[in-house]
Amino acid sequence: MGSKKHSQSSNVQLTAPTRLTGAEIIWATLAGEGVTDVFGYPGGAILPAYDALRKFPIRHTLVRHEQGASHMADGYARASGKLGVAIATSGPGATNLITGIATAMLDSIPMLCITGNVSSKVLGTDAFQEVDITGITLPVTKHNFLVNRAEDIASTIRHAVQIATSGRPGPVLVDITKDAQQATALFDFEAAKPKPYRPHPMLRVEAGGLEQAADLICSAKRPVILAGHGVIESGAMEQVRTLAERAQIPVALTLLGLGSFPASHPLNLGMMGMHGEAWVNHAIQEADLLIACGMRFDDRVTGKTSSYALNAKKIHIEVDPAEINKNIKVDVALVGDLRAVLEELLPRIAGRDGGTWLQTIDQSKGASSVRDIKNLPDSGHLYAAHVMHDLWRITGGNAIVVTDVGQHQMWEAQYFHHEKPRTLITSGGLGTMGFALPAAIGAKTACPDQEVWVVAGDGGFQMTSAELATIVQEKIKINIAIINNGYLGMVRQWQEFFYERNYEATPLVSPDFVKLADAHGIPARSVHTRGEVAEAVQEARSAKGPFLLNFMVEKEDSVYPMIPAGNALHEMIRRPGQNPLVESVND
Amino acid sequence: MLHTFVAYVEDLPGVLTRVASLFRRLNINISSLTVGRSERPGLSRLTLVCDASAEAGHRIRASLYKLENVVDVDDIAQAPNVTRELALIKVAASTKTRSQIFELVEVFRARIVDLTAESLMIEMTGVESKIEGLIEILRASDCRILELCRSGKMTMRRGHHTSSVLKAMGAKGDEKPLEEEETAAVEAEF
Ligand SMILES: Cc1ncc(C[n+]2csc(CCOP(=O)(O)OP(=O)(O)O)c2C)c(N)n1
Ligand SMILES: [Mg+2]
């Protein structure tokens, strides 16, 4: 990751040092860094910057709520691997960004937020719309800056871009006072270059560690590769695949790792963790070696840590030294950029026979495997899993799917099979409802030629549905699938399993989403039966502009299997035998 | 266990908040913190002592390094070091009781740095236990402590060492071990 460059200096118009206002310097610096798109919302303290915007080759998307701006910047970054940029005014504009900043922080997304602030003369006086946004965002940013002089803007923004995109990426906020935007300074893009990037001093890959890892891999009988988001961030898809194929090691994926290893690959086990299939979690529990690649042993994938993969030696390849031994103690830590480390490790790995271990996993798979549900008879009910599966089949998997948070998110992960990285965009670490629609706008802005689908619950969709107007104003072609179960479904599921079906505060009255879309001038339709799914999906795809599908699915369906929080990875709630979605022993 | 970290941080507004915020987030109490200019221009040196599990040391050091303004972090752990604390103690003292305090101060190798008709101020440098010893003895001898101000610990590794701090500076350490100080002897008296 450290070597990734975002500077595409083709856009620098100002090569000779020029006197500019601070506001102009903001855009000139962003353009110099290769930024072409920003997402924002104006206000008094950022108005000088907006006033200067039209002079620069940067496309601005006007959001409807600043949370949308930070999610859009995030979605833009996840879809493209480039820096995402959000802009907001001081006070409430800045605080509205926070949920999106925290979302990006927990998922290590390179993002830059620029906020205006009151003039430096009144900083700290509780002036109108003043908040201490650098103080507030300190724990949810990788770093942040307060700038109160025009001459510091260029160097600070360049430094911020370097921090956001290097090492383990993350969001950086630059708060710029209004007087700094209004003052002038000499703009010299080259001179504002940050000091060379200093990698974390505790990154260490010793030859001894590589040998040890290679020995463990060669002598393992039951190895499993755990592939996480770091595989995508580091661009190590090929290296992980080579390792898996050469040593015949099956690969389990985290939610954010989906797409880092082709779903159709024979060595792909699927998603691990709380809603992972039984054979995946069993394979991890029975493994004698785990090779963790760019993943952080989050509690959603380990279950109870004291009973996690007790018989396995663990190799952890990770860019952030603070993750080593944080949740799970490991035997060999190779701390560095995943791709670079794997490139050093691979020459030490010889061909290996996966043999009996792969057969064992296949057998356990056979016993509980999800049947290709497209072949199941239509019972007249509409299940979210069907919708996801059909969406996958019809698009051929060639779409970016941006999910919200809840049951539908897990069904997407289970039934939409991702072959390529950056085709699933989802809030994993923070689990932020309201993420999908704005993040999809960002994704589509970054990848205008790709088909983009929002998959959202009826609950989460309402958190940011104001952004429907944004897609109309910006003429953004995305397709929206609302998985409408009339509940805050994932919470209802927990109430069903763990709170004696006390459905407190989870039944949900929603607007007529078709009419809501209509009010925005967006065509839409509701889908009630499985028979209608294919045609509806095709209609949405072939529509010129955005299209909304309101899937009226089974209300009290649950996501299986499930490891209750705090349970061991193998202690899962299995699909009930009568579940119409899957093969059971009696089928 | 007690961890002692020595860090070089940029001398800029808000840096201390970032360091403190990290410990707050980890729910670790900072038991002592001293900050001041260092021999490196633009960098402050801080000594931070906290109580955390034995395994926490690695993660704290790694997390400190993730702070953009932190330049070097040395985990002193059990390495040979010199640790000192400074205390200023203001004690109520009349002409009658003064001489008794003078004696105590002498024994502890502390100093009187201010004297008025009703009070005097003691300055003392030493290891924590020595300072606590003096405070205890003052209390036990019915001296009323009016004000107590302690600096917190300052720590430096002994002799030539290989900490990242020196390596980064490319500086040569002092080969000779420093002269042992008399702390042990004084502590033994009580
Ligand atoms: C902002 C936010 N608030 C609360 C939650 C807790 N939460 C997780 S899933 C969920 C229910 C989501 O309901 P819906 O959007 O309808 O999706 P479903 O689970 O029904 O598919 C809730 C409330 C959350 N993740 N994010
Ligand atoms: Mg719902």
Novice: Would you say B:E132 has more than 12 foreign heavy atoms packed within less than 6.0 Å of its CD?
Specialist: yes

Novice: Can you name the residues of residues 98-105 of chain A that have some heavy atom under 4.5 Å away from a heavy atom in chain B?
Specialist: none

Novice: Could you tell me whether B:M124 atom CE has more than 12 heavy atoms of other residues or ligands within 6.0 Å of it?
Specialist: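 Yes, enclosed.
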
Novice: Got A:P139 and B:R24 here, is their nearest side-chain heavy-atom distance under 4.5 Å?
Specialist: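 Result yes, sub-4.5 Å side-chain heavy-atom pair found.
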
Novice: Would you find a donor on one side and an acceptor on the other, under 3.5 Å apart, between the side chain of A:H200 and the backbone of B:A62?
Specialist: yes

Novice: Going by salt bridge (Lys or Arg N to Asp or Glu O under 4.0 Å), name the pairs with one or both residues in residues 85-101 of chain B, residues two or more places apart or in two chains.
Specialist: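 Listed once each, the pairs are B:E85-B:R150, B:K90-B:E147.
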
Novice: Can you confirm whether A:R198 is buried at CZ, in the sense that more than 12 heavy atoms of other residues, nucleotides or ligands lie under 6.0 Å from that atom?
Specialist: yes

Novice: Excluding sequence neighbours, so at least two apart, what forms salt bridge (charged side-chain N to carboxylate O under 4.0 Å, His left out) with B:R144?
Specialist: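 Testing B:R144 for salt bridge (charged side-chain N to carboxylate O under 4.0 Å, His left out), a comparison that skips the adjacent residues, returns none.
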
Novice: Taking the side chain as every heavy atom from C-beta outward, state whether A:M202 and B:H58 have any atom pair closer than 4.5 Å.
Specialist: yes

Novice: Listed by chain and number, what are the side chain to side chain contact (heavy atoms under 4.5 Å, CB included) partners of B:N69, not counting sequence neighbours?
Specialist: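 Residues passing side chain to side chain contact (heavy atoms under 4.5 Å, CB included) with B:N69: A:H143, B:E10, B:L12, B:V15, B:R18.
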
Novice: Atom CD of residue position B:E123 - does it have more than 12 heavy atoms of other residues, nucleotides or ligands inside 6.0 Å?
Specialist: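 Enclosed: over 12 neighbouring heavy atoms sit under 6.0 Å from CD of B:E123.
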
Novice: Nearest 0.5 Å, please: how far is OG in B:S63 from NZ in A:K326?
Specialist: 8.5 Å

Novice: Need one label for B:V71: side chain, backbone, both or neither, based on atoms under 4.5 Å from any heavy atom in chain A.
Specialist: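 Answer is both: backbone and side chain atoms of B:V71 are under 4.5 Å from chain A.
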
Novice: So which heavy atom on A:A322 is nearest to which on B:K66, and how close?
Specialist: CB-CD, 3.9 Å

Novice: Would you find a donor on one side and an acceptor on the other, under 3.5 Å apart, between the side chain of B:R59 and the backbone of A:I324?
Specialist: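 A pair under 3.5 Å: no.
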
Novice: Go through it in stages, so that I can follow the logic: the residues are A:K142 and B:E68, the test is side-chain contact (heavy atoms from CB on, under 4.5 Å), and I'd like the CA-CA distance, side-chain angles, deciding distance and then a yes or no.
Specialist: CA-CA 8 Å; A:K142 194 172 167 192; B:E68 195 55 32; 5.8 Å; no

